[in-house]
Undergrad: 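If you scroll down you'll find the structure; I have some questions about it.
Residue numbers count from 1 along this sequence. Computed from a prediction, not measured in an experiment: that's the story for all the values here. Ligands are counted one by one from 1 in listed order, and the atoms in each one are counted from 1 as well.
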Amino acid sequence: MGYKAPRGTRDILPQEASRWHILEEKFKELCYIYDFAEIRTPIFEETELFVRSVGEESDVVKKEMYAFKDRGGRELALRPEGTAGVVRAYLEHGMHNITQPVKIFYYGPMFRYDRPQAGRQRQFYQMGIEVFGTKEPSADVEVIKFTAEFFFKLGFKNLKLHINSVGCPQCRPSYQEDLKEFAREKLSSLCPDCQKRALLNPLRLLDCKTESCRNLMNDSPQIDGYFCNSCREHFSEVLKLLKVLNVSYYVDPRLVRGLDYYTNTAFEFISENIGAQGSLGGGGRYDNLVESCGGPPVPGVGMAVGVERIVLAMEKEEFSLGKNEPEGVFLAIDGHDFREEGLIMLYSMREKGLRAEIDYLNRSLKGQMKFAHRSGFRYVIILGREEKLKNEVKLRDMLKGEQLELSYEEALIFLIAERGHTFFRGMSPCSEKNN
Ligand code: AMP
């Protein structure tokens, strides 16, 4: 075999894709309920947009961005995250001039050149929501509650919500100064990246994955001692409202996020079952982002979850994204004479919205039954000489192993009624164990 998917990417094969669909449906259903409308932005943007928003000194921009010049010499980058493009579109299309808040969701692939490992890829999918135009703590809570509910609906019961406030440009600098001072004493023991962070972006010292750095920073000053009044009030209101809504949380004073645009609230939903890359999703407030992308001062808050990591965690926790139950109907034709009649039946079933299939390889009846079973069809309609003489078909339930003889019209009515059942089964919360 000559070609392989590029390192850090993977194919989502049909079987897995059907599980992704369920996840996507749940997300979109919740967006509808919470009144978020979809936006689709390009996969690449001007590199400068990410530099200005995500932050020049962030790892994402400095080390992980797929940046390139196109044939016209433009500096472009594959998007490493979704918010920057959404902010660009929000401004470009004058959404700051319409009634606020503007509530938007997005879904699509993101790209980061990082060392691949379980739960970390170079192309991965994020689903995210953004709320523009309100500073209210209730908007932060809306985004967190949405995320908590999304995970709950998928069947997660043991995720931990870590939450912190990263302050604002008024109160953060004195904290950063003290953090820098603290790190200066330990500079030679820190990893080379942290030695740079200590000078350029001290908050990021708290986010180093190296064990020795984490230990060294363990008793660093904590940001809550530095909050200005407005940051303190905002954070305590967010926590109060979370309590009111029964969302349990863990205040983690060392939680900072990989993107530099956050102000005030920052949060992550962590799974303890999938190893180092345990964050399934996270987000926070970004009150200065719109302005730093060239717009007026518009506050915002949002979050993104990673699809691959959620699927991985669900596999580890041994619950499935709904069962792959057999459904639909396979039309088995016993003898060439009925081929044309069979095709008419096939398309009439499809017209009625039934998942329906036929044999294309001239298999024997036995071969067709085997194929139908392997392909996950719940029913088989058998049309052959014997049935034709009686103006009937056989309808076989592959799950129960039962068989009926009835007219084709009766079989069709039965299958349409059954599809209604399957539909409702598919809509039920899916926290069942994998069988
Ligand atoms: P971030 O945009 O860094 O806040 O990440 C939000 C979520 O996206 C994380 O919690 C992960 O679920 C997912 N994610 C981030 N980076 C990657 C990656 N390299 N591979 C897979 N998922 C990722």
Side-chain angles (χ1 to χ4, degrees), residues 5-12 16 20 23-24 27 41 43 45 49-50 53-55 58-66 77-87 105-130 143-144 146-148 150-151 154 156 159-164 166 203-204 206-209 252 255-263 265-286 289 300-317:
R7 186 164 147 75
T9 70
R10 53 190 283 263
D11 302 306
I12 307 302
E16 197 178 350
W20 280 48
L23 208 135
E24 288 158 12
F27 180 72
T41 64
I43 278 170
E45 298 272 355
L49 174 70
F50 300 116
S53 55
V54 175
S58 64
D59 284 355
V60 169
V61 164
K62 244 189 156 149
K63 300 200 250 166
E64 298 170 7
M65 207 146 66
Y66 279 90
L78 299 186
R79 61 183 183 194
E81 56 94 60
T83 305
V86 174
V87 168
F105 80 85
Y106 61 85
Y107 171 48
M110 308 293 159
F111 306 85
R112 294 183 196 172
Y113 188 84
D114 202 350
R115 196 171 47 78
Q117 63 181 86
R120 190 162 72 200
Q121 293 170 212
R122 291 181 174 168
Q123 175 178 318
F124 57 97
Y125 282 75
Q126 281 188 341
M127 295 167 164
I129 57 172
E130 317 286 358
V143 169
I144 297 170
F146 177 105
T147 319
F150 175 60
F151 285 127
L154 290 176
F156 286 99
L159 293 187
K160 225 169 163 189
L161 165 61
H162 287 228
I163 190 166
N164 191 20
V166 293
L203 215 57
R204 315 262 341 117
L206 301 175
D207 201 29
C208 184
K209 301 284 176 279
D252 176 356
L255 174 72
V256 289
R257 309 220 56 247
L259 317 170
D260 282 354
Y261 50 62
Y262 288 108
T263 49
T265 315
F267 65 90
E268 272 180 8
F269 281 81
I270 313 263
S271 159
E272 280 160 7
N273 293 339
I274 57 166
Q277 305 302 316
S279 162
L280 300 190
R285 182 161 273 287
Y286 47 79
L289 179 59
V301 54
M303 70 86 189
V305 298
V307 176
E308 288 84 352
R309 259 187 227 177
I310 295 175
V311 172
L312 190 70
M314 294 181 98
E315 279 164 7
K316 282 267 156 57
E317 301 217 9

Undergrad: Of all the heavy atoms in R120, does at least one lie under 4.0 Å from an atom in ligand 1?
TA: yes
Undergrad: Can you tell which part of M110 has a heavy atom less than 4.0 Å from ligand 1: side chain, backbone, both or neither?
TA: neither
Undergrad: A304 heavy atoms, cut-off 4.0 Å: which ligand 1 atoms fall inside?
TA: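 Every atom of ligand 1 under 4.0 Å from some heavy atom of A304: 6 (C), 7 (C).
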Undergrad: Checking a contact table here: which protein heavy atom is nearest atom 4 (O) of ligand 1, and how many Å away?
TA: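 Ranking protein heavy atoms by distance from atom 4 (O) of ligand 1, first comes R257 NH2, 2.7 Å.
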Undergrad: Among all protein heavy atoms, pick out the one at the shortest distance from atom 9 (C) of ligand 1; state its residue, atom name and that distance to 0.1 Å.
TA: S279 O, 3.7 Å
Undergrad: Taking the side chain as C-beta and beyond, is there a heavy-atom pair between F267 and R285 under 4.5 Å?
TA: no
Undergrad: Kindly give the heavy-atom pair with the smallest separation between M314 and L154, and that separation in Å.
TA: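 M314 and L154 have their closest heavy atoms at CE-O, 3.1 Å.
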Undergrad: Quick one: does R112 get an N or O within less than 3.5 Å of an N or O on ligand 1?
TA: yes
Undergrad: If every non-hydrogen atom of D11 is compared with every non-hydrogen atom of A5, which pair is closest and at what distance?
TA: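 That closest heavy-atom pairing would be OD2-CB, 4.2 Å.
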Undergrad: What do you reckon, does G282 have a nitrogen or oxygen under 3.5 Å from a nitrogen or oxygen of ligand 1?
TA: no
Undergrad: Please say whether L280 places an N or O atom under 3.5 Å from an N or O atom belonging to ligand 1.
TA: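 There is such a contact, yes.
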Undergrad: Does the plane of the ring in F105 sit parallel, tilted or perpendicular to the ring in F27? Use 30° and 60° as the thresholds.
TA: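 Judged by the thresholds at 30° and 60°, the geometry between F105 and F27 is perpendicular.
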Undergrad: With respect to F124, determine whether any N or O atom, backbone or side chain, lies less than 3.5 Å from an N or O atom of ligand 1.
TA: no
Undergrad: Starting from atom 13 (C) of ligand 1, which protein heavy atom do you reach first, and at what distance in Å?
TA: G306 CA, 3.6 Å
Undergrad: Rounded to the nearest 0.5 Å, how far does CE of M303 lie from CD of E268?
TA: 13.0 Å
Undergrad: Side-chain contact, heavy-atom cut-off 4.5 Å: K63 with Y113?
TA: no
Undergrad: Nearest protein heavy atom to atom 21 (C) of ligand 1, by residue and atom, and its distance?
TA: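 Answer, as residue, atom name and distance: G119 O, 3.3 Å.
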Undergrad: Between E81 (side chain) and T83 (backbone), is there a donor-acceptor pair under 3.5 Å?
TA: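 Checking the backbone N and O of T83 against the side chain of E81, a donor-acceptor pair under 3.5 Å is found.
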Undergrad: Please assess F124 against R309 for the test side-chain contact (heavy atoms from CB on, under 4.5 Å), listing each intermediate value before the final yes or no.
TA: CA-CA 9 Å; F124 57 97; R309 259 187 227 177; over 6 Å; no
Undergrad: Purely on distance, is any nitrogen or oxygen of Q121 under 3.5 Å from one on ligand 1?
TA: yes
Undergrad: Going by the closest heavy atom to atom 17 (C) of ligand 1, which one wins out of R309, R115, Q123, E81?
TA: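 When every heavy atom of R309, R115, Q123, E81 is considered, R309 comes closest to atom 17 (C) of ligand 1.
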Undergrad: Using a heavy-atom cut-off of under 4.0 Å, does the side chain or the backbone of E308 touch ligand 1, or both, or neither?
TA: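 Within the 4.0 Å criterion, E308 makes no contact with ligand 1.
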Undergrad: Yes or no on side-chain contact (heavy atoms from CB on, under 4.5 Å) for F111 and E64, after CA distance, side-chain angles and deciding distance?
TA: CA-CA 8 Å; F111 306 85; E64 298 170 7; over 6 Å; no
Undergrad: Has ligand 1 got any nitrogen or oxygen that is less than 3.5 angstrom from a nitrogen or oxygen of Q126?
TA: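 Yes - when backbone and side-chain N and O of Q126 are compared with those of ligand 1, one distance drops under 3.5 Å.
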Undergrad: Give the atoms of ligand 1, by number and element, whose distance to some non-hydrogen atom of G281 is under 4.0 Å.
TA: 10 (O)
Undergrad: Identify the two heavy atoms, one from P80 and one from R112, that lie closest to each other, and give their separation to 0.1 Å.
TA: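 Result for this residue pair: O-NE, 2.8 Å.
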